[in-house]
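What follows is a short report on a single structure.
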Amino acid sequence: MGYAMKTELVETGLPKPVHRLSEEELAEKRAMTEIGAEVVAYMESYMRRKGFVQLMPVLLSPITDPLWPDPAAGIYKRLEFEIYGKTVRTMHSMIVHKLVAVSLLHKKIFIVSPNIRLEKPERSKTGRHLFEFSQLDFEARGATSKQIRKLIEGMLAGLVKHIGSSKKAELSSLHASLPKFSTPFKVLSREELEARYGTDWEEELPKHIDEPVWITDLPREFYDFEDPVTHKWDNFDLYLPKRGELVTGAKREYEHSKMLAKMRKAGVKEELYATLLDLAKDGKIKQSAGAGIGVERLIAWITSARHIGEVQPFPKIPGAVYEL
Ligand code: ASN
């Protein structure tokens, strides 16, 4: 695999701020952001073709994703402050807004959603963490996890083909080799992975695959569906070779009693989710399924970037606050 931006990573292992790039490095950043723009445009038009209505993102709200319990979470600080006499939080993910919008507004919705997650500074050199990123976040009323996975497979296959034909010059200037894969992707359960690689499977798996793989049955936040009898979780992640997680999604809980019980079990403050719980109690939250695709992670995969901050015009790397 060709690695882009070798030069700018040499000294610190981190991408440089844009105003410190050489002419040659600026040309690489231009190619990277040009491909990035095409990736977003392709995904937006794919979702619209599939009947999803695009909503504008929410950045501040009393309600956001608790990101807990989630074994993969590495949050070092949660940002909350007061405006107009109310406490608001920066958006971790629009999951709660998605559940409400897909129940009350449209059957299918998507948002290119900027999220702020203050990851621990020791995640600066993982090459895959950012403290500001965007996800293509979507939800479909009445859908199954399998339907959502198929939709994503179709999008990724079409996207790689499209970028390969429309961004040849940019790809070759970055020495990027487009990912090769066939669909449908393999589906593995967490149980199988734990048997094969132990509890460290999240780190191990990406080293042992050469095509994307779905992982199912991941115990995590209250909003993913857990079978009350088998205790299996109807949710999934998509793992990429070498790079790890790209997508997170699930069929959702919509029943008041189940959501409340899970919040209590996890120690998530139920009063923060009162609006969602009230709507659920009134039967207004509908069953849905959906997912979020990490936009920068997707662009980094497609452009063979070594550090995810390379694909951002203004890198937002945990532990490193640049001037811009
Ligand atoms: N967007 C993800 C989902 O739809 C949730 C997340 O980002 N934590 O499941």
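Counting starts at 1 for both ligands and their atoms, in listed order.
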Review point. Going through the checks in order, is the salt bridge (charged side-chain N to carboxylate O under 4.0 Å, His left out) test met by Glu119 and Arg128?
Key: CA-CA 11 Å; Glu119 302 278 356; Arg128 53 196 171 89; over 6 Å; no
Donor-acceptor pairs under 3.5 Å, side chain of residues 272-295 to any protein atom, not counting sequence neighbours: which ones?
unit_1: Tyr273; atom_1: OH; unit_2: Thr64; atom_2: O; d: 2.8
unit_1: Lys286; atom_1: NZ; unit_2: Gly283; atom_2: O; d: 3.2
unit_1: Ser288; atom_1: OG; unit_2: Glu139; atom_2: OE2; d: 2.8

N/O donor-acceptor pairs under 3.5 Å from side chains in residues 46-57, not counting sequence neighbours:
unit_1: Tyr46; atom_1: OH; unit_2: Leu151; atom_2: O; d: 2.8
unit_1: Tyr46; atom_1: OH; unit_2: Met155; atom_2: N; d: 3.2
unit_1: Arg48; atom_1: NH1; unit_2: Gln54; atom_2: OE1; d: 2.9
unit_1: Arg49; atom_1: NH1; unit_2: Ser45; atom_2: OG; d: 3.2
unit_1: Gln54; atom_1: NE2; unit_2: Glu44; atom_2: OE2; d: 3.1

Review point. Can you name the residues that form a ring pair (Phe, Tyr, Trp, His ring centres under 6.0 Å) with Phe181, not counting sequence neighbours?
Key: Phe185, Trp301
Check your understanding: Should Phe81 and Val88 count as side-chain neighbours, where that means a heavy-atom distance under 4.5 Å?
Key -> yes
Point to revise | Axial cation check for Tyr223 ring with Lys262, 6.0 Å and 45° limits | key: no
**Study point:** Residue contacts for ligand 1, heavy atom to ligand atom, distance under 4.0 Å
**Key:** Asp65, Leu67, Ser93, Lys98, Arg117, Gln135, Asp137, Tyr223, Thr248, Gly249, Arg252, Ala291, Gly292
